[in-house]
**Student:** 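Got a structure for you, written out below as structure tokens; questions coming shortly.
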Amino acid sequence: MIRFRRRTCITLSIFVFLVCLIMVGLKQMRPENAAFGSPFGLGLFPGFHRDSAFEKIPDSENYMKENTVAETNTLSAPKNKVYQSDMEELPPPNYDLHIFYYTWFGNPQFDGKYIHWNHPLLKHWDVKIANSFPLGNHNPPDDIGANFYPELGPYSSRDPSVIDAHMKQIRSSSIGVISVSWYPPGMSDDNGEPTDDIIPTILDKAHNYGLKVTFHIEPYRNRDDYSLHNNVVYIIDKYGSHPAFYKYKTENGKNLPMFYIYDSYITTPGTWANLLTSSGSQSIRNTPYDGIFIALLVEEKHKHDILRGGFDGLYTYFATNGFSYGSSHHHWSSLKEFCDTNNLIFIPSVGPGYIDTSIRPWNFQNTRNRINGKYYETAMNAALLVRPKIISITSFNEWHEGSQIEAAVPKKTAKIKYEDYLPHKPNIYLELTRKWSEKYMREKEQWLV
């Protein structure tokens, strides 16, 4: 009996040893990062499971089924989403295609509370109209201040994994330059908190993906020629040496930083001229802090103010065709002609649509339906027709105004049904951007012939 047991033990040991050899051999044949899933066998063991970085995007029906629940756990770190298999398959960045990027979002995990996702419902200035609409704040994670719902959930702009995921999405769409919304240190919009300290991470992550970063300077309180001079000095001194810091090559061969100045029209042309003309009292021209300054054009008359103020170009920002003179596609040809005549850079702004009724419930007349991507493609085509040096996109993630191209998912709760990109996948607007970016690059080569 003892001999039989010993023989059995030896047989079992040999069998286990052979199984282990087979498992090791299979593991060597199938690397950990194989394109078709986890290494054979390891997924069966607790502790060895990991999410694939190249997770397949579910189809639209599954997304709808998975997002009809009322509760969503958004406090865990969001998963990064990659839309190409690896960096080698990512398209080349188009440095003439810029996108506006916002860093004002926060959540309890990274910020101790929700920021901006709980945006208040804004009151209409007309009392009679205001009385017809509710007030109050949104209540994340299921009730957010947006008409669409982000694939990453109500994220924090401070989360490094979120920033990395954003840079991947932006690079996958063949965009080359991020124009980051910026307030001076210690300052923010009325519903946010200071975010200048996030810029180093954005620059580092952008550089990892071959992207460049420029600054979209917001209309903070008491902004004028003197304060903007200080801002420019601060930005260039602190960030100007970073390899991801964007510089525009001028016709005379200079490489200068570019600054978009939002709501520039609220400051008089004379004040801007102090900073942006060579004879101005605060002039940065022909100094180490010189740059390319792009003003916002809303009304037609602003083009003359922009010229007098010493700006180098203009952009139109709003993703609402017909909302303003500048955002109306049929005016772009005459604006381009004006800019060409006066040696200014014309930067039309295109967008996938617009809807802000989650924070301005009375502003439904300015909604622009996406029409399954057709609105976006129409805007892109209109921009290409005027042969601009640069095209800007509004926006990557201005969720409050529904102009985002960031990946979004269907979501429905007991009280809310969010807009979505169905019947397309969550990354449809990234794919459309890539299509038009590549078309823009091809056509630009022909313009130069």
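The figures here come from the full heavy-atom set of this structure, side chains too, leaving out hydrogens, waters and symmetry mates. Worth saying up front: this structure is predicted, and the values here are computed from it rather than measured.
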**Student:** What's the shortest heavy-atom distance between Leu314 and Cys339, and which atoms?
**Tutor:**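 Nearest pair, atom of Leu314 first, then Cys339: CD2-SG, 3.6 Å.
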**Student:** How long is the straight-line distance from CD1 of Ile99 back to CD of Glu398, given to the nearest 0.5 Å?
**Tutor:**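 Glu398 CD to Ile99 CD1: 12.0 Å, rounded to 0.5 Å.
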**Student:** Inspect the surroundings of CG in Asn252 and state if more than 12 heavy atoms from other residues, nucleotides or ligands are less than 6.0 Å away.
**Tutor:**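 Counting other residues, nucleotides and ligands, CG of Asn252 exceeds 12 neighbours.
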**Student:** Can you tell me if CD on Glu337 sees more than 12 non-hydrogen neighbours from other groups inside 6.0 Å?
**Tutor:**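 No - once you tally the heavy atoms of other residues, nucleotides and ligands closer than 6.0 Å, there are 12 at most.
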**Student:** Could you report the tightest heavy-atom contact between Pro150 and Ile144, atom names first, then the distance?
**Tutor:**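 The pair with the smallest heavy-atom distance is CD-CD1, 3.7 Å.
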**Student:** Compare all side-chain heavy atoms of Val213 with those of Tyr246 and state whether any distance is below 4.5 angstrom.
**Tutor:**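 The answer is no; the side chains never approach within 4.5 Å.
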**Student:** If the condition is ring pair (Phe, Tyr, Trp, His ring centres under 6.0 Å), which residues does Tyr317 pass it with, not counting sequence neighbours?
**Tutor:**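 Scan of Tyr317 (ring pair (Phe, Tyr, Trp, His ring centres under 6.0 Å), adjacent residues dropped) gives Phe100, His216, Tyr262.
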**Student:** Go through the steps to decide whether Asp196 and Met187 satisfy the test side-chain contact (heavy atoms from CB on, under 4.5 Å), and finish with yes or no.
**Tutor:** CA-CA 9 Å; Asp196 176 65; Met187 302 184 76; over 6 Å; no
**Student:** Return yes if some donor-acceptor pair links the side-chain N/O of Asp224 with the main-chain N/O of Tyr226 below 3.5 Å, else return no.
**Tutor:**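 Judged by distance alone, yes, a pair lies under 3.5 Å.
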**Student:** Determine whether a donor-acceptor pair (N or O, by modelled atom type, separation under 3.5 Å) exists between the side chain of Asp312 and the backbone of Ile294.
**Tutor:**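 No, Asp312 side chain to Ile294 backbone: no donor-acceptor pair under 3.5 Å.
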**Student:** May I have the step-by-step check of side-chain contact (heavy atoms from CB on, under 4.5 Å) for Tyr209 and Asp164, ending in yes or no?
**Tutor:** CA-CA 9 Å; Tyr209 291 93; Asp164 188 78; 3.3 Å; yes
**Student:** Go through the steps for Tyr418 and Asp420 under the test side chain to side chain donor-acceptor pair (under 3.5 Å), then give the verdict.
**Tutor:** CA-CA 6 Å; Tyr418 289 89; Asp420 54 58; over 6 Å; no
**Student:** Quick one: pull up NZ in Lys247 and CG in Leu256 and give me the separation to the nearest 0.5 Å.
**Tutor:**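 Reported to 0.5 Å precision, the distance equals 8.5 Å.
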**Student:** Can you measure from OG (Ser403) to CZ (Arg370) and round to the nearest 0.5 angstrom?
**Tutor:**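 Taking OG in Ser403 and CZ in Arg370, the distance rounds to 7.5 Å.
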**Student:** Within a strict 4.5 Å, meaning less than it, do heavy atoms of the Pro388 and Tyr440 side chains meet?
**Tutor:**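 In short, these two side chains touch, coming nearer than 4.5 Å.
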**Student:** Just so I know, are the side chains of Tyr101 and Thr103 near enough to count as touching, which here means a heavy-atom distance under 4.5 Å?
**Tutor:**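 With C-beta onward as the side chain, the pair touches.
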**Student:** Determine all donor-acceptor pairs shorter than 3.5 Å in which one atom belongs to a side chain in residues 380-387; sequence neighbours excluded.
**Tutor:**
none

**Student:** Using modelled atom types and a 3.5 Å cut-off, is there a donor and acceptor pairing between side-chain atoms of Asn107 and backbone atoms of Pro154?
**Tutor:**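 A pair under 3.5 Å: yes.
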**Student:** Could you walk me through whether Lys439 and Arg442 pass side-chain contact (heavy atoms from CB on, under 4.5 Å), step by step?
**Tutor:** CA-CA 5 Å; Lys439 180 177 174 64; Arg442 288 194 305 270; 3.8 Å; yes
**Student:** Hey, is the main chain of Gly326 close enough, under 3.5 Å, to the side chain of Trp332 for a donor-acceptor pair?
**Tutor:**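 Side chain of Trp332 to backbone of Gly326: a pair is present.
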**Student:** Do Arg223 side-chain atoms and Glu218 backbone N/O form a donor-acceptor pair below 3.5 Å?
**Tutor:**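 Side chain of Arg223 to backbone of Glu218, a donor-acceptor pair under 3.5 Å: yes, one is there.
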**Student:** Applying side chain to side chain donor-acceptor pair (under 3.5 Å), run through Asn222 and Ser227 and close with a yes or a no.
**Tutor:** CA-CA 8 Å; Asn222 298 322; Ser227 67; over 6 Å; no
**Student:** Between Tyr149 and Trp399, is the gap from one ring center to the other below 6.0 Å?
**Tutor:**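 No, they do not, as the ring centres are separated by 6.0 Å or more.
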**Student:** Is the CD atom of Glu251 crowded by more than 12 outside heavy atoms at less than 6.0 Å?
**Tutor:**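 12 or below, so no.
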**Student:** Apply ring pair (Phe, Tyr, Trp, His ring centres under 6.0 Å) to Phe318 and list each qualifying residue two or more places apart in sequence or on a separate chain.
**Tutor:**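 Partners of Phe318 under the ring pair (Phe, Tyr, Trp, His ring centres under 6.0 Å) test: Phe323.
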**Student:** Can a donor-acceptor pair be found, under 3.5 Å and without considering hydrogens, that links the side chain of Thr433 to the backbone of Ser173?
**Tutor:**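 Answer holds: no.
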**Student:** Is there any side-chain hydrogen bond (donor to acceptor under 3.5 Å, both in side chains) pair reaching into residues 118-133, and which pairs are they, with sequence neighbours excluded?
**Tutor:**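 Output for this query lists His119-Asn191.
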**Student:** Ring centroid separation for Phe259 and Phe293, is it under 6.0 angstrom?
**Tutor:**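 Ring-ring flag for Phe259/Phe293: true, centres closer than 6.0 Å.
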**Student:** Out of curiosity, Ser174 OG to Lys435 NZ, how far, rounded to the nearest 0.5 Å?
**Tutor:**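 Going from the OG atom of Ser174 to the NZ atom of Lys435 covers 14.0 Å.
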**Student:** Quick check: closest heavy atoms across Ile306 and Leu296, and the distance to 0.1 Å?
**Tutor:**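 Heavy atoms of Ile306 and Leu296 come nearest at CD1-O, 4.2 Å.
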**Student:** Counting N and O atoms only, with roles assigned by atom type, does the side chain of Trp272 sit under 3.5 Å from a partner on the main chain of Ala295, one being a donor and the other an acceptor?
**Tutor:**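 No.
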**Student:** Is any side-chain heavy atom of Asp96 closer than 4.5 Å to a side-chain heavy atom of Met441?
**Tutor:**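 No, every pair of side-chain atoms sits at 4.5 Å or beyond.
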**Student:** Within this structure, what is the NE2-CD distance for the pair His331 and Glu300, rounded to the nearest 0.5 Å?
**Tutor:**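 Answer for the NE2-CD pair, His331 versus Glu300, is 7.0 Å.
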**Student:** Just so I know, are the side chains of Phe110 and Pro160 near enough to count as touching, which here means a heavy-atom distance under 4.5 Å?
**Tutor:**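 Contact flag for Phe110/Pro160 side chains = yes.
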**Student:** Can you name the closest pair of heavy atoms from Ser328 and Asn321 and give their distance?
**Tutor:**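 Scanning both residues completely, I find the closest heavy atoms to be CA-OD1, 3.3 Å.
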**Student:** Got a second to check how far Asn366's CG is from Arg360's CZ, nearest 0.5 Å?
**Tutor:**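 These two atoms lie 9.5 Å from each other.
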**Student:** Test your reading of the model: is there a side-chain donor-acceptor pair from Asn397 to the backbone of Tyr102, 3.5 Å cut-off?
**Tutor:**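 Flag set: sc Asn397 to bb Tyr102 pair under 3.5 Å.
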**Student:** Classify the angle between the aromatic ring planes of Tyr315 and Tyr260 as parallel (below 30°), tilted (30 to 60°) or perpendicular (above 60°).
**Tutor:**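 Rings of Tyr315 and Tyr260: perpendicular, over 60°.
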**Student:** Treating Ser172 as the side-chain partner and Gln169 as the backbone partner, does any N or O pair qualify as donor plus acceptor under 3.5 Å?
**Tutor:**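 Checking the backbone N and O of Gln169 against the side chain of Ser172, a donor-acceptor pair under 3.5 Å is found.
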**Student:** One pair to check against side chain to side chain donor-acceptor pair (under 3.5 Å): Asn274 and His229. What are the steps and the verdict?
**Tutor:** CA-CA 10 Å; Asn274 290 335; His229 181 279; over 6 Å; no
**Student:** Is it true that a side-chain atom of Trp104 and a backbone atom of Thr195 form a donor plus acceptor pair closer than 3.5 Å?
**Tutor:**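 Not at all, since once roles are kept as given, no pair shorter than 3.5 Å links the two residues.
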**Student:** Could you tell me which non-hydrogen atom of Pro423 sits nearest to which non-hydrogen atom of Asn372, and how far apart they are?
**Tutor:**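 Looks like CD-OD1, 3.6 Å.
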**Student:** What orientation do His400 and Phe105 show, parallel under 30°, tilted 30 to 60°, or perpendicular over 60°?
**Tutor:**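 It falls in the tilted class, 30° to 60°.
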**Student:** Side chains of residues 276-284: which donor-acceptor partners sit under 3.5 Å, not counting sequence neighbours?
**Tutor:**
unit_1, atom_1, unit_2, atom_2, d
Thr277, OG1, Ala273, O, 2.5
Ser283, OG, Thr277, O, 2.8
Ser283, OG, Arg285, N, 3.2

**Student:** May I ask you to say whether Asp143 pairs ionically with Lys415, meaning some side-chain N is under 4.0 Å from a carboxylate O?
**Tutor:**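 Answer for the salt bridge query: no.
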**Student:** Give the C-alpha distance, both sets of side-chain angles, the deciding distance and a yes or no for side-chain contact (heavy atoms from CB on, under 4.5 Å) between Lys389 and Tyr248.
**Tutor:** CA-CA 11 Å; Lys389 292 181 179 178; Tyr248 175 83; 3.5 Å; yes
**Student:** If I compare all heavy atoms of Ile355 with all of Phe148, which pair ends up nearest, and what's the gap?
**Tutor:**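 Of all heavy-atom pairs spanning Ile355 and Phe148, the closest is CG2-CE1, 3.7 Å.
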**Student:** With a 3.5 Å cut-off and sequence neighbours excluded, list the donor-acceptor pairs that the side chains of residues 198-208 form with protein atoms.
**Tutor:**
unit_1, atom_1, unit_2, atom_2, d
Asp204, OD1, His242, NE2, 2.7

**Student:** If we check side chain to side chain contact (heavy atoms under 4.5 Å, CB included) with Ser358, which of these qualifies: Glu419, Glu401, His138?
**Tutor:**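 Output: one option passes, namely His138.
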